[in-house]
Structures are given as C-alpha cells and as structure tokens.
Amino acid sequence: MYDYDLLVVGSANADLVIDVERRPAAGETVLGGDLAVHPGGKGANQAVAAARLGAATALLARVGDDGHGRLLLDSLRTAGVDTAGVLVGGAPTGVALITVDPSGDNSIVVSPGANGRLTPEDVRAADGLLRTSRVVSTQLEIPLETVVEVVRSLPEGGRLVLNPSPPRPLPAEVLAACDPLIVNEHEAKVILGDSAAGDTPEDWARRLLAEGPRSVVVTLGAEGALVAETRTETERRTDESGAGVGGGVGGGVGAVGGGVDVEVTRVASVRVDAVDTTGAGDAFTAALAWRLGTGATLAEAAGYAARVGAAAVTRRGAQESFPTGAEVEAL
C-alpha cells in the first residue's frame, strides 16, 4: 500500500534572485534590480511541483532553524507537501544566489548549509517514507553518500529518478539504479567527459545508457526532451512478433552492444515566451517522476513533463511558477 505517489530526497534552499542586464564576467561588477527572496532548492522545488500537479508528495530534507527555513516549510505545506521528513537544525538553511538576464537564462551559486547535513543516517531513519512511496526522486545538492544510501534503501520494486545536478561522476551502483537518469547537455558531458560525450543528444543518451542506467532522459530546453531505453533480446523478439514496445515520433533503434538495443524517442515541447527558466528542470523532473508512478511509459511521462516545464518558464521564480494540472492541460 502506497501513501505517497512521490518521495523527494533532496535540498531545500532560499533563492536570492537579482535581475541583471547581463551576467558579469570574471572580475566585473554589474548593477541589478531589487533582491527577491523565494523558496527553492531542487528537492523542495520538485516536491512543490509534484504536489501542485496533484501528486501525494513527501519530502526528506534538512533546513535551518531560521527565517529561510520557516519560509520553506510554509511554502511546502501550502502546496500540500507532507513535511514530516523535513528535519530542522544543524546548520543555516541553504541559499542559492541567482542572477537572471533579460532572456530568462540564469546562473546559480549554491551555499548548501543544512543540505550538507542530510546524512545517510537520516535516510535510514526515514525507511517508512521510502517503503510507502511509489517513486523516489533525488538530486546532487545533498551529499553523494546520502544519495548512495537512498539507492541502498530502496524497497524491492522501488523506482529511482535521479537528476545529477550539480553534476559529478557517479558510482556504478547509483547509475545502475536510475530509471531514468535525467540530464541536460552540461550534466551529460560532465558525467561522460567532454571528449567521450559525442556531438548529439542521441550520442549522449546512448553513451550514458552504456554506463549502466536503466533509462535516460536528455532535456533539451525549448526543443523538448529525448528519451532512451534499452531493450533486451527477448523484448526485441517480442516486438518483432507484433506485440512489442511502440516507438514515438522521431524514434529509432540502435545497438549499444551485448545483445541490447537502444530505443530513442524525441519528445516535443510547447512553444512559449520564456520569462525565467529558474526551476523549470525541477518541474520537469517532478512531473515525469509522478507520471511514471501512475503507469505512464517513459515517453508519455516525458511528454507531459515537457509541457509542465514549458508552463513553468512563463512566470518568475521557481516554486511560484509551477503550474497546476489544469494549467498544464490548458497549454
């Protein structure tokens, strides 16, 4: 019996945002607009985004016993997130310093604060949350050893969604648990190494799959996303008999090796006028993770998530920009 559609294990930050005409170069000072403070952090963002779409959502995170921590808890509870797993104290709440240029693109520097104190022991103590959640989503704004413990604590049949942001090389046991691993171009190239990544999103996806994930999603901004999954020899024979896995528009199959095919599908987004891209990737990941738990295929879930991400960039802020299910359907 599942109590939650989605458990997010991750960061919770206060986002300190300044609009700038252009982002500064090294050694340069630029003037910006008024400072705005918003609830954020990749973990809290994903939890709020999923809850706003209608998912029963819980968050395992740590915040400081301070004003920023109270801001985050209020935002989470207002969105309908179960905060029983949000631990308080140990360090100041994490802070993200964000500059946003007129095109809506952003640059972010994160001070982890309490996020860095979310420990493997905290994950083990939250075993009840893990066992009663259909899907678990995590990121890398918390210690890597904590992410490893999430992998080791997954119940049998549990599904893990990982967005490796900020990116770093990942242990084999983490990669092997990802279903899917969700990356953008920068994250793909950090994990693979620039020289080995290849030139196209299809190249990145196939090379990432060869590293061990069960599936990969490459986000492409306004161009939507690319989904890649492996198919075993048995699945391929079933498909050839007429009862197999269906592809999507722009799909194709290629070999990775070892008797395994890779099916790649392009997923289109919705054209919108972007105002602020902050948090759009978190909204995408949350929507995809939730839809997977409802039984959607990976391509179907990515298609829905692309619409959610598109809706999120039409408003300022991270959590404030996340759409409801009705708003997504209206796109």
Side-chain angles (χ1 to χ4, degrees), residues 7-18 23 35-49 58-76 81 83-100 106-126 129 136-153 160-171 174 178 181-184 186-187 190-191 277-283 285-286 317-319:
L7 169 65
V8 181
V9 183
S11 59
N13 296 324
D15 288 348
L16 278 56
V17 184
I18 301 178
R23 285 169 283 178
L35 174 69
V37 181
H38 305 284
K42 299 190 77 64
N45 285 350
Q46 288 183 19
V48 167
L59 175 65
L60 175 58
R62 185 176 287 277
V63 299
D65 186 8
D66 51 34
H68 287 154
R70 289 185 284 277
L71 170 73
L72 284 156
L73 285 167
D74 287 346
S75 175
L76 290 162
V81 177
T83 60
V86 179
L87 308 170
V88 178
T93 300
V95 172
L97 308 176
I98 304 172
T99 57
V100 182
N106 62 64
S107 296
I108 304 173
V109 177
V110 175
S111 172
N115 297 307
R117 275 71 165 187
L118 188 67
T119 66
E121 290 74 17
D122 295 330
V123 174
R124 289 190 286 271
L129 285 175
V136 177
S137 177
T138 190
Q139 326 80 34
L140 299 184
E141 287 184 341
I142 57 176
L144 182 58
E145 60 264 29
T146 304
V147 175
V148 171
E149 188 59 36
V150 171
V151 170
R152 293 174 179 173
S153 300
L160 179 75
V161 175
L162 172 64
N163 172 219
S165 179
R168 59 179 295 178
L170 294 171
V174 172
C178 296
L181 177 73
I182 302 178
V183 295
N184 60 22
H186 173 64
E187 292 154 1
V190 169
I191 293 171
T277 61
T278 307
D282 301 327
T285 298
Q319 294 179 18

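Throughout, residue positions are numbered sequentially from 1 according to the sequence presented. In what follows, every heavy atom counts, from backbone to side chain, and hydrogens, waters and symmetry copies are set aside.
- Partner V17 forms a side-chain contact (heavy atoms from CB on, under 4.5 Å) with one of N106, T99, I98 and no other, that one being I98.
- The shortest side-chain heavy-atom distance between H68 and V37 falls under the 4.5 Å cut-off.
- A 4.5 Å side-chain heavy-atom check between L170 and L140 finds at least one atom pair inside the cut-off.
- A donor-acceptor pair under 3.5 Å is absent between the side-chain atoms of S75 and the main chain of L71, judged by distance alone.
- Side-chain contact between V8 and Q139 is present, with at least one heavy-atom pair separated by less than 4.5 Å.
- Residues D15 and Q319 have side chains that never bring a donor and an acceptor to within less than 3.5 angstrom of each other.
- Side chains of T146 and P120 form a contact here, defined as non-hydrogen atoms less than 4.5 Å apart.
- Checked against R70 for a side-chain contact (heavy atoms from CB on, under 4.5 Å), the options T93, D65, V63 give a single hit: D65.
- Side-chain contact check for L87 versus L118: some heavy-atom pair is nearer than 4.5 Å.
- The backbone N or O of A49 sits nowhere less than 3.5 Å from a side-chain atom of D282 that would complete a donor-acceptor pair.
- Between the side chain of Q46 and the backbone N or O of G43, no donor-acceptor pair lies under 3.5 Å.
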Derivation of the side chain to side chain contact (heavy atoms under 4.5 Å, CB included) call for L59 and T83:
CA-CA 6 Å; L59 175 65; T83 60; 6.0 Å; no
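- Of all heavy-atom pairs spanning L72 and A44, the tightest one is CD2-CB, 4.3 Å.
- Side-chain N or O atoms of N45 include none that pairs as donor or acceptor with a backbone N or O of A283 at under 3.5 Å.
- Closest approach of E187 and S165 over heavy atoms only: OE2-CB, 3.2 Å.
- S11 places a side-chain N or O within donor-acceptor distance of the main-chain N or O of K42, the cut-off being under 3.5 Å.
- With a 4.5 Å cut-off on side-chain heavy atoms, L144 and P171 count as touching.
- Residue L160 forms a side-chain contact (heavy atoms from CB on, under 4.5 Å) with just one option from L181, V136, V147, and that option is V136.
- The two residues A91 and G113 have their closest heavy-atom pair at CB-C, 4.0 Å.
- Taking every heavy atom of both residues into account, A61 and G10 meet most closely at CB-O, 3.2 Å.
- Side-chain N or O atoms of D122 include one that pairs as donor or acceptor with a backbone N or O of T119 at under 3.5 Å.
- Without hydrogens or angle criteria, R62 side chain to G116 main chain gives no donor-acceptor distance under 3.5 Å.
- Atom CG of residue N13 and atom CG of residue N115 lie 5.0 Å apart, to the nearest 0.5 angstrom.
- Side-chain contact between P166 and E141 is present, with at least one heavy-atom pair separated by less than 4.5 Å.
- Between V88 and L73 the shortest side-chain heavy-atom distance falls below 4.5 Å.
- Within the 3.5 Å criterion, the main-chain N or O of V95 finds no donor-acceptor partner in the side chain of S111.
- One distance of note links CG of L129 with CG of L7; it measures 5.5 Å at 0.5 Å rounding.
- The local environment of CZ in R23 is crowded, with over 12 non-hydrogen atoms from other residues, nucleotides or ligands closer than 6.0 Å.
- Minimum heavy-atom separation, D66 to P92: OD2-CA, 3.5 Å.
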